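Structure, as structure tokens:
Throughout, residue positions are numbered sequentially from 1 according to the sequence presented. Keep in mind that the numbers below use all heavy atoms, side chains included, and drop hydrogens, waters and symmetry copies. Note that this is a predicted model, so its numbers are computed, not measured.
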Amino acid sequence: MTQSEFIDSGPAAKIVRRAVTTWTLRMSSPDRLRPARSDVPMRVERSQVPSVDLSRALYAAVGSQVCWTDRFSWDHETWQAWVHRESLGTWIATVHGTVAGFFELEAQPGGAVEIVLFGLLPQFHGQGLGGALLTACVELAWRGGVDWGGPGAGPAAYVYLRTSTLDHRHAVRNYLARGFERAESETADKGIPDPRFAPWPLSRDPRQVPASDL
């Protein structure tokens, strides 16, 4: 990894540049899945009502510790368009009524299903939930084009995801243990904004709303 380079002034705009390796991992058959279970009771349920605020909150809660920053530039309209796509599904994992993690799946042309986002909130790390949640995620991914994905999606032909050196240190091990295989890798310089100063896109400036409209 190259030495970090700090750019700009002001904490909200500070960017760290690093050499980041990104791997594409692929599963070519549902028979390749090696399931993992957990003794911790976990419920996984699909979010049935598209919500920008919920999706943004999940993105921040899970991704802040592993530098999910690619969507920092998204405005409210971009988020709105994303969460309302028929090809996209969001599933939320809860433990004793508390959100523990989530994943996003996207049904793509040609039978590809991408695990777009996947992760646990930090307080649920180390409890054996990662393998169990990934098992549920992959099982649902293989149902793409059948149980979800919209009318234009065909049956899943393969499932893939992208992860990187910014991800949790056990992420790749978990993916490989569940049956994914390395398909390709790439190392490139990447600018990483400070996750502690993540923007929150709104449809309007709430400071401009007259008191009579509240």
Between the side chain of [X] and the main-chain N/O of [Y], is any donor-acceptor distance below 3.5 Å?
{"X": "Thr165", "Y": "Thr21", "value": "yes"}
{"X": "Ser51", "Y": "Leu54", "value": "yes"}
{"X": "Arg43", "Y": "His96", "value": "no"}
{"X": "Arg34", "Y": "Ala177", "value": "yes"}

Would Gln108 and Tyr160 count as having a side-chain donor-acceptor pair, cut-off 3.5 Å?
->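 A pair is found: one side chain offers a donor N or O, the other an acceptor, under 3.5 Å apart.
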Ser164 and Thr22: side chain donor to acceptor below 3.5 Å =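 The criterion, which ignores hydrogens and geometry beyond distance, is not satisfied for Thr22 and Ser164.
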Exercise answer: donor-acceptor pairs, residues 126-145 side-chain atoms, under 3.5 Å, sequence neighbours excluded:
residue	atom	partner	partner atom	Å
Gln127	NE2	Gln123	O	3.1
Thr135	OG1	Ala36	N	2.9
Thr135	OG1	Ala36	O	3.3
Thr135	OG1	Gly131	O	2.8
Glu139	OE2	Arg37	NH2	3.3
Arg143	NE	Asp147	OD2	2.8
Arg143	NH2	Asp147	OD1	3.2
Arg143	NH2	Asp147	OD2	3.3

Looking at [Y] and [X], is there a salt bridge between them, counting it only when a charged N and a carboxylate O are closer than 4.0 Å?
{"X": "Glu104", "Y": "Arg71", "value": "yes"}
{"X": "Asp167", "Y": "Arg162", "value": "no"}
{"X": "Lys14", "Y": "Asp194", "value": "no"}

Derivation of the side chain to side chain contact (heavy atoms under 4.5 Å, CB included) call for Leu58 and Ile92 = CA-CA 9 Å; Leu58 292 169; Ile92 301 170; 4.1 Å; yes
Parallel, tilted or perpendicular, as decided by the 30° and 60° cut-offs, for the rings of Trp79 and Tyr59 =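 Rings of Tyr59 and Trp79: perpendicular, over 60°.
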Can you find a heavy atom in the side chain of Ile115 that is under 4.5 Å from one in the side chain of Phe180?
->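 Contact flag for Ile115/Phe180 side chains = yes.
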